[in-house]
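Only this structure's heavy atoms are used, side chains among them; waters, hydrogens and symmetry mates stay out. Numbering starts at 1 and runs along the sequence shown.
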Amino acid sequence: MNKKELMLPFFTGLSIFLFLVSFIPGISRAKKEKSTTFAIIDSKNANEITQIDLINSNGGLSIFKSNGVWKGKELLQNEQNFAFDFLADGEQVENLINKLKNNRKMYTFVYNDNNSEADFVNLEDSFLINIKDSVDLNTTLIIGKSDFSQNNRFIKINNQDQITKIEWNDLEPFMHSEAAFWYDPYIIPRNLYSTNTPVSITRIIYNLPELKNTYTNFETDFSKLLELRHGALYKGTIKNLKNIGFIKIETEDLKEILLNFYQYSEDQVVLDYNLSPDSNYKVFLSSWTFEKLQQK
């Protein structure tokens with residue numbers, strides 16, 4: 001057998017291998033993807049953002065800025081046919097905005113004849129982010145499936161037909177449309193004094209079963225309260241619940257925070273926030289935390 005005859009099976013096998021590999025998605029598209037640098041929002045406009053809507057098949061949430069404070073509202077109304085505002089976790093919202101203005105790689109993606117658009121961006125199981133700013137400029141992202149690396153997502157931007165693929169792993173933790181991820185978790189919402197120091201609190205009035213007093217020393221009387229957290233949003237009525245006390249907090253700028261407490265069960269209390277005419281909502285509180293409120 002001569003040299004040519006020996007090499008023929010090798011080249012035949014190599015040709016078959018390369019032909020088969022061409023149908024592997026990650027490889028067949030590699031030559032079609034061109035990378036560019038891309039920021040979802042311009043850093044110059046980041047401070048102008050006034051609203052971020054987060055929507056998936058399970059529901060939706062709108063995060064919006066009102067008088068300089070981040071708030072949230074469920075887009076799907078609850079059983080009482082009433083959607084209420086709650087104070088959002090301002091730090092969490094700002095973290096999301098900072099991620100959105102980061103530069104990231106974007107790939108122009110071309111899917112082949114063996115795949116359809118629904119294989120990558122399917123409206124039924126996609127996540128939608130809609131960003132609005134103070135001049136009513138909208139950026140809409142329809143976020144589809146992850147690629148094989150799990151670091152990128154297939155998306156559509158502003159309802160364009162073109163599917164693109166962008167780096168997404170740093171934004172993955174923010175793909176939540178439920179209030180529990182976005183509300184301010186502290187009994188005294190830190191969002192309220194994001195522009196002030198807690199020292200601006202001048203007086204706290206306790207009227208609770210085991211504690212009835214008025215305090216004016218922030219360092220010794222108030223610091224523990226700032227660390228206590230509440231539970232999930234309460235969407236029911238307090239009409240038939242027994243009021244078991246309140247806490248009133250007064251600040252230097254004459255703001256008043258009123259916290260009313262209602263007995264829900266042996267293990268749970270409902271905390272009713274009366275923060276301002278447009279910020280009244282309710283949350284669950286464990287009996288353990290309620291006891292902590294009354295310890296000095």
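Taking 4.0 Å as the cut-off between side-chain N and carboxylate O, Arg153 and Glu172 count as a salt-bridged pair. A salt bridge is defined here as a Lys NZ or Arg NE, NH1 or NH2 lying under 4.0 Å from an Asp or Glu carboxylate O, and Glu74 with Lys235 meets this definition.
A side-chain donor from one of Asn152 and Asp147 sits under 3.5 Å from a side-chain acceptor of the other.
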Side chain to side chain contact (heavy atoms under 4.5 Å, CB included) between Leu128 and Asn56, intermediate numbers included: CA-CA 6 Å; Leu128 186 143; Asn56 65 5; over 6 Å; no

Evaluation steps, side chain to side chain contact (heavy atoms under 4.5 Å, CB included), between Leu100 and Leu171: CA-CA 8 Å; Leu100 290 170; Leu171 285 165; 4.1 Å; yes

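To the nearest 0.5 Å, atoms CZ (Phe284) and OG (Ser265) are separated by 8.0 Å. If you take OH on Tyr107 and CD1 on Ile166, they are separated by 11.0 Å, rounding to the nearest 0.5 Å.
Partners of Asp170 under the side chain to side chain contact (heavy atoms under 4.5 Å, CB included) rule, at least two apart in sequence or in another chain, are Lys99, Asn102, Arg104. Annotation: side chain to side chain donor-acceptor pair (under 3.5 Å) contacts of Gln51 (sequence neighbours excluded): Asp53, Ser62. Evaluation of the side chain to side chain contact (heavy atoms under 4.5 Å, CB included) rule for Thr37 yields Asn103 as partners, not counting sequence neighbours. For Glu94, the side chain to side chain donor-acceptor pair (under 3.5 Å) partners two or more places apart in sequence, or in a different chain, are Trp70. In this structure, the side chain to side chain contact (heavy atoms under 4.5 Å, CB included) partners of Asp272, at least two apart in sequence or on a different chain, are Ile238, Asn260, Tyr262, Asn274, Lys282. For Asn158, the side chain to side chain contact (heavy atoms under 4.5 Å, CB included) test picks out Thr139, Thr140, with sequence neighbours left out.
In this structure, Phe86 and Lys73 approach most closely via the heavy-atom pair CE2-N, 3.8 Å. Ile97 approaches Ile41 most closely through the heavy-atom pair O-CD1, 3.9 Å. For the residue pair Lys132 and Asn138, the shortest heavy atom distance occurs at CG-OD1, 3.3 Å.
At a threshold of 4.5 Å between side-chain heavy atoms, the hydrophobic network of Ile, Leu, Val, Met, Phe, Trp and Tyr places Val283 and Leu258 in two separate groups.
For an aromatic pair to be called close, the ring centres must be under 6.0 Å apart, and Tyr281 with Tyr234 fails this.
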